[in-house]
Number of protein chains: 2
Amino acid sequence: MASKADRTIGASDQNWDQFAPNDTRRRILMEASALFRRHGYQATSTRQIAAAVGIRQPSLFHHFANKQAILEALFSLSLDNAVVVAERTANASGSAAARLHDYLVWDLETLLSLPLSLSELYSSDILRAPELAHWAAKLESLYLALEKLVRQGIEAGEFVATDPVLIRILIANVTIAHIQYADERPDRDPKKLARDGARFVLAGLSNMESAHLDELISGTRSR
Amino acid sequence: MASKADRTIGASDQNWDQFAPNDTRRRILMEASALFRRHGYQATSTRQIAAAVGIRQPSLFHHFANKQAILEALFSLSLDNAVVVAERTANASGSAAARLHDYLVWDLETLLSLPLSLSELYSSDILRAPELAHWAAKLESLYLALEKLVRQGIEAGEFVATDPVLIRILIANVTIAHIQYADERPDRDPKKLARDGARFVLAGLSNMESAHLDELISGTRSR
DNA sequence: GTCTATACCGAGATAGAC
DNA sequence: GTCTATCTCGGTATAGAC
């Protein structure tokens, strides 16, 4: 168990310095992310954010140029490292399954221990806005890295042959599921949750055609 | 393969009669669902919907009392049958894995062949709005039925022991993933997609502690 | 059943005092 | 760095003619 965790792939520790410049800015990001998650970006008003922070609405604009800048700061926080790590993982050598597993554990652990609620950002389609093209592109490179990794696993016979695009979408949504769950049950251990999440994905990718699964599905289980 | 599909659990065929009363109403629902998916409910304006349909904004209100009524019609269309089927499935007898599988296939097939884009409705948190409490409750009963089914599978030793709440969230998000994928690749066969999706979930639920998976993850695969 | 005209409100953002 | 006051715009919805 320790052996797996040891293959640490984490980048430089999460940019908390960039994240904690002054306290109000930090609190704005936390409250905004929580509100974005619950109501969506567009449906969250700057007045709501200000109220949650305990300041008046115009005071927000002292810390961020506009509402969108808050959103972009959140994307930066959650995406900048992930892309680097994903690309490094895809270009490394060794078992693709093992690498994908390690990446998933790292990603989930990172996201789950961030005091931010980010699931809404990625599940909704705000990123289609032209002004956010830069972040859409960043997410796209992350996706490409993941698809590459999946393709390697399929070629090596480690994963069942499925469209890597579907797999990538599945991975993203399973990640979101875990963030949602951690949001509902904050008492759960992020590390264990991260491990289980990675396992769930790997199981789905590797065992979709096992005989045991066929038995289970048909209801003629023997075990 | 046919044997599985035969255990049909579908309710009365999807309420297309309710859905096609007059053509404009129908087109409003289709265009609105597509816009909601891309931009979210709140971020979609009634002007956009009207433009997509090819009428002027105030004409919408001849067909629906207000914007929210459009949303509720979409919830009704996607949820009414699902709840009935889920509860029937949870209360039936036999292998829980087989029943969950059948439900997932039915649910995915239904959603994927609906000419509506519904993923955003369930991934965002619109349902927290007090005015939509009725639909939130309906979704909640669907969730309870699924959790019950999962619990049966765990007790029977068919599924790995995990919090049924997490499983339920995972199922919801894997479903969303498939809808998103079908949205990107409309050429894919809904039936095959539905089967694969169900398999993915079942694999994750049943094989999370298999030895084969451990080998794969640790990179010491023999096969 | 669709139109034009319009009421009304809440959104994001700015100006300038303290 | 936060405030009050205020501008402007785009949103939902209504009135009433055709």
Side-chain angles (χ1 to χ4, degrees), chain A residues 18-75 120-121 124-132 135, chain B residues 18-75 120-121 124-132 135:
Chain A
Q18 173 203 341
F19 182 48
N22 71 65
D23 207 60
T24 310
R25 190 186 153 94
R26 181 200 171 106
R27 291 194 53 220
I28 291 172
L29 288 175
M30 290 181 57
E31 301 293 349
S33 76
L35 286 165
F36 290 168
R37 199 198 81 68
R38 293 177 77 92
H39 311 296
Y41 170 69
Q42 314 265 7
T44 301
S45 72
T46 52
R47 284 178 232 269
Q48 285 177 281
I49 300 172
V53 174
I55 58 179
R56 305 282 171 172
Q57 181 253 0
S59 304
L60 282 182
F61 298 98
H62 178 78
H63 301 274
F64 294 91
N66 47 40
K67 186 186 175 186
Q68 186 181 299
I70 301 177
L71 181 66
E72 296 195 48
L74 291 172
F75 275 123
E120 246 291 310
L121 300 196
S124 87
D125 276 7
I126 343 170
L127 278 171
R128 296 201 193 223
E131 320 87 66
L132 296 173
W135 298 104
Chain B
Q18 173 204 340
F19 182 49
N22 70 65
D23 206 59
T24 310
R25 190 186 152 94
R26 180 199 171 105
R27 292 195 51 222
I28 291 172
L29 288 174
M30 290 181 57
E31 300 294 348
S33 77
L35 286 164
F36 291 167
R37 200 199 80 70
R38 293 177 77 91
H39 310 295
Y41 170 70
Q42 313 266 7
T44 302
S45 73
T46 51
R47 282 183 236 266
Q48 285 176 282
I49 300 172
V53 174
I55 57 180
R56 304 282 170 172
Q57 183 255 358
S59 304
L60 283 182
F61 298 98
H62 177 78
H63 302 274
F64 294 91
N66 48 40
K67 185 185 174 186
Q68 186 181 300
I70 301 177
L71 181 66
E72 297 195 49
L74 292 172
F75 275 123
E120 246 290 311
L121 300 196
S124 86
D125 277 7
I126 343 170
L127 278 171
R128 296 201 193 224
E131 319 89 64
L132 296 173
W135 297 104

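Computation of the quantities below employed the complete heavy-atom set of this structure, encompassing side-chain atoms and omitting hydrogens, waters and symmetry-equivalent molecules. Note that this is a predicted model, so its numbers are computed, not measured. A note on names: the letters A, B, ... follow the listed sequences, proteins ahead of strands, and every chain is numbered from 1.
Note that CZ of B:Arg128 and CZ of A:Arg38 are 4.0 Å apart. Values are rounded to the nearest 0.5 Å. Atom OG1 of A:Thr24 sits about 11.5 Å away from atom CD of A:Glu31, to the nearest 0.5 Å.
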Under 3.5 Å, side-chain donor or acceptor atoms of residues 53-64 of chain A against the rest of the protein: list the pairs with distances, not counting sequence neighbours.
residue	atom	partner	partner atom	Å
A:Gln57	NE2	A:Thr46	OG1	3.2
A:Ser59	OG	A:Arg56	O	3.4

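Between the side chain of A:Lys67 and the main chain of A:Ser45, no donor-acceptor pair closer than 3.5 Å is present.
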Please enumerate all protein N or O atoms sitting under 3.5 Å from an N or O of nucleotides 4-10 of chain D, with distances to 0.1 Å.
residue	atom	partner	partner atom	Å
D:dT4	OP2	A:Arg56	NE	3.4

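The footprint of chain B on DNA chain C, defined by a heavy-atom cutoff below 4.0 Å, extends from C:dG1 to C:dA5.
Side-chain atoms of A:Phe36 and A:Leu74, non-hydrogen and from C-beta on, do get closer than 4.5 Å to each other. Contact of the B:Leu71 side chain with the B:Trp135 side chain is not registered, since no non-hydrogen atoms from C-beta on lie closer than 4.5 Å.
Across every non-hydrogen atom of B:Ile49 and B:Ile70, the tightest pair is CD1-CD1, 4.4 Å.
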